[in-house]
Amino acid sequence: MYQDEGVQAGKIRAEHLSAVMRLTPYAMAANVGSASLVLWALRSQHGPGLYLWFLALVAVAVAAVHRWAQRRGKPLHTASLRAVRRATLQASALACLWSLLPICWFSTASPGQQLVIATLFTGMLSAGTFVLNPLPKASVAYACIFSTAAWWALWSSADPMMAGVAVLLGFYAPMNVVGALSTWRKATALLISRSEAIRQEQLLAVVFQDFEQSANEALWEIGADGRLAQASARLSSLLRLPNAHAANIALPQWIAQHCTTDPTAFAQALHKQAPFHSLPIALSVNGEPFHLAFTGKPIKDEWGHICGWRGVAADKTSIVHAQQQLERLAHSDSLTQLANRFFMHHAIAQEMRAHRHGALLLIDLDYFKSINDSLGHSVGDAVLQKVAQRLQSITGGEHLVARLGGDEFAVLLRQTPVAVGFLPYVQEQADALVTALNQPLSVDGRRLRIGASMGVALFEPGSTDVDALLVQADTALYEAKDQGRGRYTVYTLQMGERTQRKARLENDLREAIQRQELSLHWQPLIEIKSGQIAGVEALLRWQHPTLGPISPAEFIAIAEQSGAIDALGDWVLRNACDAAVREPALAGLDISINVSTLQLREADFVSQVQAALEHSGLPPQRLALEITESIFIEDAPRALQQLHALQALGVRIALDDFGTGYSSLSYLSQFPFHTLKIDRSFVQKAVEQTSGQTIVRSIVQMASALGMRTVAEGVETQAQWAMLSSMGATQAQGYLLSRPCTLQGLQQFRGQWRANEHHAAPSAPT
């Protein structure tokens, strides 16, 4: 107040000075009135001094009112230290002027006049101290001067009663000062609080203004009746309403009217009478959908009763749309806009939980890969889109169509009221889908035929395993492909058993070598002309510990599909070569080994053969590798390169099952095969059909002309042996001669065969 020159202190001084100045006309009127009363009371003692005192006091009052009039209507924003000091001096001067009254005229006054002076003086002390309490130093100075003058007059009087009054004044005057100072402190604290409140209000106003201009939110406040207390431009914008209209709405009722989800959600949140946070509300105004999130807390009065609500409304439209878009992307295929695998899985689970009948149709496009590879991915994408449209057009809106990935689609058939049973209905739908997809598609001016295979799996009320259903549909799909494609197959328990068996065999086959479950059997090859044993063919056998003997036709196909054929073929190659050198039953005999097409495609196959020969010490000329014609389908130049590399090792090459696959006579001229093996189907037909004899005779003559040997497979009768002998075939093998046998059985066969070599025609030894 009297030391700080800061801005805040200047404002407080200005407030205090203004408070005193507002009372100046009334205070000065009181001073003049009181002085006039004194002048009237002391009229019997009129003298020049009393008049001069009166005129001086009037002059001070007039000057003070004049200064007040000059500053009237001009707000005082700040006051300097000099201003409050000047006010203290002015108050002191006024007090000094009044102090002349008791000092000069109290002692000579009559008792009645003294009573008037004492009463008036006491009142002026209290009133002046009160009026000047916003200026503490002025108030204290005023009271001290008044009190000192009064004490002087009272103590100067000879009347003992006046001395008692002086003592009372000693208590009364300090109480006035303390009261004035207390009032000043409270007023100062109030001014500081008000100034801080104004500053905070201004700061909040700026913050709120910036908040509503830059943020995606707005403040809202409603009274007990639910009507908006005020509606900012931002809130009106969020509500999609004009400002004038927004200011008059009852917010809970308006939300209930325009809410598109739960109309009572906002009202229920208010009814709980507890703060709520980020309450989502979906709204629509004039056909425009949008999403808001409300946060609010109750406003309570001094008795703790809720008298309104205030909070923040945030526009979540873009966030909700983004979330919906992400959800669509997460549940749909971006290329075809169909449902994806995740959504299909979820939909099947829902149908199962609903305890209804249903069917899953798994669709695979038969010739999509060739189209995609030959015409490009853009055409492939267009084909997939066309397929999606065709599937949707057939199923309509009753059933769910999904793209699971690549060229694999699925249809979930839900149970619908049909006149026939559900299974016939499923078969009807499946047949319609397969027929439609087998029709050509028009893409970029091209008519493309893609075809489709389908696996169907049914589920009944009480089913819960979605993954098992997918496996069943997949199993049925592969069954349809195995049956020739372009068809559908309904899953049966037998398919499942075959699939389980295949999966088990695939798993067990990888460990069969370590568990020593594999073995080699040997089937002799007999020279037809001389009747001598020319060689043996090594045949792989698998004795499963629980399933018993497994057919090579079954486990070899599994090995090729699972990728285990390379390890399996290497085991056969090494063990056959080692046995040919080590076992007496194979002494002097050539060894024939079947080689898978997949083995021959491996870059290190020639190295595997060379390593087996070197490890065993078997002369390469004793080893013959039998291959099938399918090796030439995909990469004929690569196949011929591998065969020439094997021939360079000294290994002989035999072409197995000649005439049953994709053979071309050009390969016989490009590579000098050592042997052509005539398939058992031709041998069996040769005796029964003239055309069969012609085919066998042609093969034998062609092989002879090219310098190749011929081996007839599957010889089972004397008539077949005689026919082959008459046609000039080189060798034969089959059950007529010997079944595949162990090394011990082969040793016995060789002994028995030598004993029967003088016979013109063989008979199967026991």
Side-chain angles (χ1 to χ4, degrees), residues 471 474-475 478 496-523 535-587 589-620 622-628 630-631 642 646 649 651 656 739-747:
V471 170
D474 197 54
T475 300
Y478 278 99
E497 292 172 357
R498 287 198 298 269
T499 301
Q500 293 176 1
R501 176 182 173 87
K502 180 180 178 181
R504 180 179 180 181
L505 292 180
E506 180 179 334
N507 182 67
D508 293 348
L509 185 59
R510 298 182 184 277
E511 301 178 2
I513 297 176
Q514 288 76 12
R515 293 198 298 254
Q516 297 183 348
E517 298 172 6
L518 300 177
S519 62
L520 292 176
H521 283 206
W522 311 87
Q523 186 173 30
V536 291
E537 181 179 358
L539 300 172
L540 183 61
R541 294 294 183 264
W542 181 15
Q543 182 69 26
H544 195 279
T546 57
L547 300 178
I550 309 299
S551 168
E554 183 178 9
F555 74 78
I556 293 298
I558 293 175
E560 290 181 335
Q561 293 172 3
S562 65
I565 190 62
D566 190 50
L568 206 62
D570 186 61
W571 184 89
V572 171
L573 182 64
R574 288 180 176 275
N575 281 270
C577 291
D578 289 344
V581 175
R582 184 182 66 251
E583 300 294 339
L586 298 175
L589 298 180
D590 294 340
I591 306 298
S592 296
I593 300 174
N594 289 285
V595 176
S596 168
T597 300
L598 297 178
Q599 282 180 269
L600 196 58
R601 290 175 185 165
E602 295 294 329
D604 60 346
F605 178 71
V606 177
S607 300
Q608 289 180 1
V609 174
Q610 186 176 7
L613 292 172
E614 292 176 352
H615 180 269
S616 63
L618 179 69
R622 289 185 58 192
L623 177 63
L625 300 179
E626 298 184 8
I627 65 171
T628 60
S630 60
I631 185 63
Q642 290 279 75
L646 291 170
L649 294 178
V651 175
D656 197 8
R739 292 175 178 271
C741 54
T742 63
L743 288 172
Q744 182 180 1
L746 179 63
Q747 185 70 33

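The residues of the chain are indexed from 1 along the displayed sequence. What you see is a predicted model; the values in this text were computed from it and never measured. For the numbers below, each heavy atom of this structure counts, side chains included, while hydrogens, waters and symmetry mates do not.
- Atom CG of Leu589 sits about 6.5 Å away from atom CG of Leu746, to the nearest 0.5 Å.
- Applying side chain to side chain contact (heavy atoms under 4.5 Å, CB included) to Phe605 and the options Asp570, Leu598, Leu625 leaves one that passes, Leu625.
- Atom CD1 of Ile556 sits about 12.0 Å away from atom CD1 of Ile550, to the nearest 0.5 Å.
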Walk me through it: do Asp656 and Ile627 pass the test side chain to side chain contact (heavy atoms under 4.5 Å, CB included)?
-> CA-CA 6 Å; Asp656 197 8; Ile627 65 171; over 6 Å; no

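- For the pair Cys577/Leu613, a side-chain contact is recorded, criterion being any heavy-atom separation below 4.5 Å from C-beta on.
- In this structure, Gln516 places its CD atom where only 12 or fewer heavy-atom neighbours from other residues, nucleotides or ligands lie under 6.0 Å away.
- Counting heavy atoms from C-beta on, the side chains of Pro552 and Leu540 never come closer than 4.5 Å.
- Put simply, the side chain of Val609 reaches to within 4.5 Å of the side chain of Leu649, judged on heavy atoms.
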Derivation of the side chain to side chain contact (heavy atoms under 4.5 Å, CB included) call for Leu518 and Val572 = CA-CA 9 Å; Leu518 300 177; Val572 171; over 6 Å; no

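- Take Arg510 and apply the side chain to side chain donor-acceptor pair (under 3.5 Å) test, not counting sequence neighbours, and it matches no residue.
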Might you work through the side chain to side chain contact (heavy atoms under 4.5 Å, CB included) test for Leu600 and Leu646, ending with a clear yes or no?
-> CA-CA 10 Å; Leu600 196 58; Leu646 291 170; 3.9 Å; yes

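- In this structure, Leu539 and Trp522 have side chains that are not in contact, with every pair of non-hydrogen atoms separated by 4.5 Å or more.
- The shortest side-chain heavy-atom distance between Leu743 and Leu520 does not fall under the 4.5 Å cut-off.
- When every heavy atom of Gly617 is checked against every heavy atom of Val581, the shortest pair comes out as C-CG2, 4.1 Å.
- The backbone N or O of Leu509 sits nowhere less than 3.5 Å from a side-chain atom of Glu517 that would complete a donor-acceptor pair.
- Residues Pro740 and Arg541 form a side-chain contact, since some pair of their non-hydrogen atoms from C-beta on lies under 4.5 Å apart.
- For the pair Glu560 (side chain) and Ala557 (backbone), a donor-acceptor distance under 3.5 Å is absent.
- Of all non-hydrogen atoms in Gly569 and Gln599, the two that sit nearest each other are CA-NE2, 3.2 Å.
- Nearest heavy-atom pair, Asp578 versus Ser616, reported as atom, atom and distance to 0.1 Å: OD1-CB, 3.0 Å.
- His521 places a side-chain heavy atom less than 4.5 Å from the side chain of Thr742.
- Side chain to side chain, Glu537 and Asn594 meet the donor-acceptor criterion of an N or O pair below 3.5 Å.
- Within the model, atoms CD of Glu602 and CD of Gln642 stand 9.5 Å from one another, a figure rounded to the nearest 0.5 Å.
- Within the model, atoms CH2 of Trp542 and CD1 of Ile558 stand 7.0 Å from one another, a figure rounded to the nearest 0.5 Å.
- Interatomic distance, CG of Leu547 versus CG of Asp508, reported as 7.5 Å (0.5 Å rounding).
- Salt-bridge annotation for Glu554 and Lys502: absent, with no side-chain N of the basic residue lying under 4.0 Å from a carboxylate O of the acidic one.
- Summarising the local packing, CD of Glu511 is surrounded by more than 12 heavy atoms from other residues, nucleotides or ligands at distances under 6.0 Å.
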Take Arg504 and Thr546 through the test side chain to side chain contact (heavy atoms under 4.5 Å, CB included) and record every step on the way to the result.
-> CA-CA 11 Å; Arg504 180 179 180 181; Thr546 57; 2.6 Å; yes

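- Atoms CD and OG, from Gln543 and Ser519 in turn, are 8.0 Å apart once rounded to the nearest 0.5 Å.
- In this model, no donor atom of one side chain and acceptor atom of the other lie less than 3.5 Å apart for Ser592 and Arg622.
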